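Written below as structure tokens is the structure these notes are about.
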There are 4 protein chains.
Amino acid sequence: MSDSNEEMFKQLVETLNQDNTMTQKQLQILEAAIKIISEKGYYNTSTSEIAKQAGVAEGTIFRHYRTKKDLLVAIVTPVVTNISAPFFAEQFVDQAFSKSYQTFEEFLYAFVENRFEFVKTNVPLLKIVLQELSFHPEIQAAYKRAFTEKVHPAMCEVLNHYKKRGDLKDIPNQTMIRMAVPSIIGFLITRFIIQPNAEWNDEQEIKQTIDYIMNGIGK
Amino acid sequence: MSDSNEEMFKQLVETLNQDNTMTQKQLQILEAAIKIISEKGYYNTSTSEIAKQAGVAEGTIFRHYRTKKDLLVAIVTPVVTNISAPFFAEQFVDQAFSKSYQTFEEFLYAFVENRFEFVKTNVPLLKIVLQELSFHPEIQAAYKRAFTEKVHPAMCEVLNHYKKRGDLKDIPNQTMIRMAVPSIIGFLITRFIIQPNAEWNDEQEIKQTIDYIMNGIGK
Amino acid sequence: MSDSNEEMFKQLVETLNQDNTMTQKQLQILEAAIKIISEKGYYNTSTSEIAKQAGVAEGTIFRHYRTKKDLLVAIVTPVVTNISAPFFAEQFVDQAFSKSYQTFEEFLYAFVENRFEFVKTNVPLLKIVLQELSFHPEIQAAYKRAFTEKVHPAMCEVLNHYKKRGDLKDIPNQTMIRMAVPSIIGFLITRFIIQPNAEWNDEQEIKQTIDYIMNGIGK
Amino acid sequence: MSDSNEEMFKQLVETLNQDNTMTQKQLQILEAAIKIISEKGYYNTSTSEIAKQAGVAEGTIFRHYRTKKDLLVAIVTPVVTNISAPFFAEQFVDQAFSKSYQTFEEFLYAFVENRFEFVKTNVPLLKIVLQELSFHPEIQAAYKRAFTEKVHPAMCEVLNHYKKRGDLKDIPNQTMIRMAVPSIIGFLITRFIIQPNAEWNDEQEIKQTIDYIMNGIGK
DNA sequence: TATGAATGAGTATTCATTCAT
DNA sequence: GATGAATGAATACTCATTCAT
């Protein structure tokens, strides 16, 4: 497991290194920081601990990140992009409109599966986001903005589309979102954070979740 | 508002003082601690700040609570009881069985309204619980125990009762709970923590939430 | 010598404790700080060193002085008052006008002797002031203000008085001051800072200095 | 002004490069170091700041100067030579003896004017010397040596010469020097460091200073 | 020769906790 | 019980210096 974890953290860090400008040491720092902070929280993690775990001198951290907080931000900010990635991509809405998905349910299924995989491979990062969001208003702001500017509008477009097709009840988008989103997030949090070690039949759980949502908002 | 807040915090503290063994100073300490910690988080709140806000010497805090963490525990542990209070009370299951509620929906409505009021009057305490739960395994344990030992069994009993009555689909309790709970919690968090200042039509929102749940698990 | 120094530093600190509000520890901190900073300079003196020398925990320093700089300011600000004390006292000008001194030379003699004694008993404090003045604009400001608002006006009044009496040449006060002050300060710095260990015939040196000044500005 | 400053600093550096052995980078380093250190002091100036200002990598500084202190010494040591240059030059004494100056006053005038120009063009270097002298005993030593071995003897020779000519009072050289030097230095410091931005009538001020000195030590 | 990433000892400051009064 | 001065371990951050390239 330790081995597979090693791999996992390296992949996470690679995600943060999208423009490939990071040095080896910087990658080690990020890897260590994610590992420890996701386990113990930002305030319980000292820079000296990160340095030790990263196999790097403490000063090296501050060569790359002016402050400890900057390091947190460097970890947590890219996640907002990836969380809402599907909504940014134009294909998202396009696909919905195209014949890719015959029904809303099909669309929803694809969406949930996609986000399921995303969460699965990003648990440590998402733990950090969940835990620290309350304490860092600047980070909160980034997430709120992404939601109101990108995610929410894209959701509405899609919902409108399928409403016209007659797949959905005649309920305000606002309401639909307020119902469906916690159902999805609730599932993912239970699955990967509250009870990650329980035995899960993922396929079935996803199907049940979607059924549940469709009963609530589908026609 | 400041005035009404004063009142609110005093009430919160009274809840923690159920056996009436606390001194005046102790109440002041708890009140101050809840106020500040719920705003800034445990690690961003110093004991000296709490002491000042409580109008008490710093040493006095440690006369009542051996460590800062003990203070947190003193705040956060009683909440678990109150959160799950309905499930502890024998009346809870009894009521369900009695004729108090003709249908599951009626029961659910009463339950959600009850928890709605609870959350409404306990926002600061619940914020603290939500924020700190991740970082303090001992506290987590208390919550997990309460859930598995009390809440979950009680829920099952009730569900079984209404299943027999034919109000509910023939789905495993496990699944029903996994669907319904996030719907309720999701609503309450959105309502009181994420967007407490939005304009809410609470009655309508509760009704919608229940409809949504009932569509998913009701017959 | 160590013994006499002990005494000396305690006296210096007493001067800073004029309102008698300082605790024992605080006096120890000031004493240690003056001793070390006057020898090695502010930037070469660490708070841990001061704490050790003062026989006090490092945290204790910061209980009394919010920052290291605050400690410096606490040492250096009172000195400005004492340096210019004679000019603050109303007696200063009054005496000059009264029959206390028949001639300007007599007056000057009394003044130089007085400042000589002051410098003699305040060498460490004055060293600190001289050394740090360049680096701390806030401190500079305090000194400039004292000079322009108190010292300079008082000097002018006195000079005018003795000009009328015919003791002094008809030269602008400005010029007189620019000549006489460096002569006095130059003597005191040479005497107590540059060559404190040379053999000095103080009485004679003071007389010579005054003669020199009087030749320059006296009639 | 920025332009004229650029020029000024380049000239200062050229002075330090008398044997023309310095590389371009080295000159840039010195220039940057003088500029920043004279403004903010040695301890408030980091080598990285100097490197950046010099347009040079941080390591380059240490290729030329083993330590940061060495850099300071490289800046400050040559100044001692230039400060006391007139006394080193054999012409200095010779001129005094030759018919170049009919009287001591003439000689003094030439000397003060010469040092006035020197200070004027070396303010940044002299600021550094004044500020740092207290903290670096090695540098102090260099200055003390130059004074006792060269400056003082040369002064004495000159004074003796003019004493014989009957231009000066019959006072010990020691005393004369102790009076005259602070008068000159006091003027220059006031003029260029304490109040560099005041409106100065330099010619007149120099004359006044010399008159003042001559009254004190001239016959 | 020049670079600049990496180092790690050193520093000011914070803060939970103790304890004499 | 209550106080608040004192503690000292812990922490984020700086910076002169080194060294592989």
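Order of the sequence lines fixes the chain letters, A, B, ..., with proteins taken first and strands second; residue numbering starts at 1 for each chain. Note that the coordinates shown come from a computational prediction; the quantities given were computed from them, not determined experimentally.
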Can you tell which of C:K35, C:E39, C:Q53, C:K40 makes a side chain to side chain contact (heavy atoms under 4.5 Å, CB included) with C:T45?
C:K40

Quick one: is F:dT3 close enough that its OP1 or OP2 comes under 4.0 Å of any side-chain N or O from B:T60?
yes

Measure CD/C:Q24 against C1'/F:dT7 and give the value in whole Å, please.
17 Å

When you look for runs of 3 or more Watson-Crick or G-U pairs in a row, both distances below 3.5 Å, which of them include DNA chain E?
E:2-21 with F:2-21

Value in whole Å for how far the P atom of E:dT1 lies from CE of D:M22
15 Å

Specify the separation, in whole Å, of atom CG of D:N44 and atom C1' of F:dT14.
13 Å

B:E58 CD to E:dA20 C1', straight-line distance once rounded to whole Å:
16 Å

Between C:T45 and B:S48, who's closer to the 5' end of DNA chain E by nearest nucleotide?
C:T45

Look at all strands and tell whether D:S46 reaches a base, only sugar-phosphate, or nothing, counting heavy atoms closer than 4.0 Å.
sugar-phosphate

Shortest side-chain distance from A:A57, nucleotide among E:dT7, F:dG8, F:dA16
E:dT7

Gap between atoms NZ and P, on D:K69 and F:dA16 respectively (whole Å)
13 Å

Do C:K10 and C:L27 have side chains that get closer than 4.5 Å, going by heavy atoms?
no

Specify whether A:F135 and A:Y43 have parallel, tilted or perpendicular ring planes, treating 30° as the upper limit for parallel and 60° as the lower limit for perpendicular.
perpendicular

Side-chain N or O of A:H64 closer than 4.0 Å to phosphate OP1/OP2 of E:dA5:
no

Give the rounded distance in Å between these two atoms: OH of C:Y65 and P of F:dA5.
14 Å

For a 4.5 angstrom cut-off between non-hydrogen side-chain atoms, does C:D70 reach C:F62?
no

Separation of E:dG4 atom P from D:E49 atom CD, nearest Å, is 18 Å

The side chain of A:F62 lies closest to which of these nucleotides: F:dA6, E:dT7, F:dA12?
F:dA12

Pair D:E58-D:S48, side-chain hydrogen bond (donor to acceptor under 3.5 Å, both in side chains): steps then yes or no
CA-CA 6 Å; D:E58 211 170 341; D:S48 88; 4.7 Å; no

Reading DNA chain F from 5' onward, which residue's closest nucleotide shows up sooner: A:T67 or B:G55?
B:G55

Here the gap from D:T47 atom OG1 to D:Y65 atom OH, rounded to the nearest 0.5 Å, amounts to 14.0 Å

Please output the side-chain donor-acceptor pairs of residues 122-133 of chain D that fall under 3.5 Å, not counting sequence neighbours, one pair per line with the distance.
unit_1	atom_1	unit_2	atom_2	d
D:N122	ND2	D:F118	O	2.8
D:E132	OE1	D:H136	NE2	3.3
D:E132	OE2	D:Y42	N	3.0

Just compare E:dA16, F:dT7, F:dA2 and give me whichever is closest to any side-chain atom of B:K68.
E:dA16

Reckon D:T47 has a side-chain N or O less than 4.0 Å from the OP1 or OP2 of F:dA16?
yes

Taking the nucleotide of DNA chain F with the closest heavy atom to each, which residue, C:Q26 or D:R66, is nearer the 5' end?
C:Q26

In this structure, how many angstroms lie between the P atom of E:dA6 and the CD1 atom of A:I61, rounded?
12 Å

Counting only side-chain nitrogens and oxygens, does D:R63 get under 4.0 Å of the OP1 or OP2 atom of E:dT1?
yes

Just verifying a value: how many Å separate A:K69 NZ and A:E138 CD, rounded to the nearest 0.5 Å?
4.0 Å

